[in-house]
Amino acid sequence: MNKTELIAAMAEKTELTKKDTERALKAFIDVVTDELKQGEKVQLVGFGTFEVADRPARQGINPKTKATITIPASKAPKFKAGKALKETVNA
């Protein structure tokens, strides 16, 4: 399912217009993104948790030259599914 299909499905379930649904989805994405940028987590009980994982710097190998390189530390967004979501998917 792509973004357009998601908006159409959400609009049908909520009986909102596609335009309003798109604005609501964009607002959700913006809020989650802003919270993650601040290092916070967003927890939706029954659905899951969006949070930031710190990745430490590490040594790697350039596959082309076989030279050792240092991969810098970074932050990566991650999602952990909640219990209710896992149970629904596995039912």
Side-chain angles (χ1 to χ4, degrees):
M1 174 179 278
N2 63 31
K3 187 175 179 181
T4 304
E5 294 167 337
L6 176 61
I7 290 169
M10 288 173 58
E12 186 177 318
K13 280 209 180 247
T14 60
E15 297 180 0
L16 294 172
T17 65
K18 286 184 182 179
K19 191 105 172 148
D20 288 342
T21 304
E22 184 175 8
R23 281 201 309 260
L25 180 59
K26 183 179 181 337
F28 172 77
I29 291 169
D30 290 347
V31 169
V32 170
T33 301
D34 290 344
E35 289 298 308
L36 294 178
K37 282 171 76 172
Q38 295 174 18
E40 301 294 325
K41 68 180 179 180
V42 178
Q43 188 172 9
L44 303 172
V45 176
F47 183 70
T49 304
F50 297 90
E51 58 189 329
V52 176
D54 289 319
R55 291 185 177 167
R58 63 189 196 281
Q59 294 296 315
I61 297 175
N62 181 333
K64 188 173 184 180
T65 64
K66 306 293 186 215
T68 301
I69 58 172
T70 299
I71 300 169
S74 65
K75 295 181 180 195
K78 72 177 189 177
F79 175 77
K80 181 179 177 188
K83 182 180 178 184
L85 179 60
K86 287 179 190 177
E87 288 174 355
T88 302
V89 170
N90 288 313

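Positions are given from 1, in the same order as the sequence printed here. Heavy atoms only: backbone and side chains are in, while hydrogens, waters and symmetry mates are out.
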Quick one: CD on E22 to NZ on K3, what's the gap to the nearest 0.5 Å? 6.0 Å
Does any non-hydrogen side-chain atom of T70 lie less than 4.5 Å from one of Q59? yes
Do the side chains of V31 and V45 join up, straight or via other hydrophobic residues, at under 4.5 Å, putting them in one cluster? no
Can you name the residues that form a ring pair (Phe, Tyr, Trp, His ring centres under 6.0 Å) with F47, not counting sequence neighbours? F79
If a pair satisfies salt bridge (charged side-chain N to carboxylate O under 4.0 Å, His left out) and one of its residues is in residues 24-42, list it, with sequence neighbours excluded. K26-D30
Enumerate, atom names and distances included, each donor-acceptor pair closer than 3.5 Å involving a side-chain atom of residues 5-17, sequence neighbours excluded.
residue	atom	partner	partner atom	Å
E5	OE1	N2	N	3.0
T14	OG1	M10	O	2.8
T14	OG1	L16	N	3.4
T17	OG1	D20	N	3.0
T17	OG1	D20	OD2	3.3

From T49 OG1 over to L44 CG, what is the distance, rounded to the nearest 0.5 angstrom? 7.5 Å
Minimum heavy-atom distance between I29 and T33, given as atom pair plus value: O-OG1, 2.7 Å
Might you point out which heavy atoms bring A84 and G46 nearest each other, and give the distance in Å? CB-O, 3.3 Å
Should we count CD1 of I71 as having more than 12 external heavy atoms under 6.0 Å? yes
Rounding to 0.5 Å, atoms OG1 (T88) and NZ (K83) come to a distance of 11.5 Å
Non-hydrogen atoms of V52 and K75 that approach each other most closely: CG1-CB, 3.6 Å
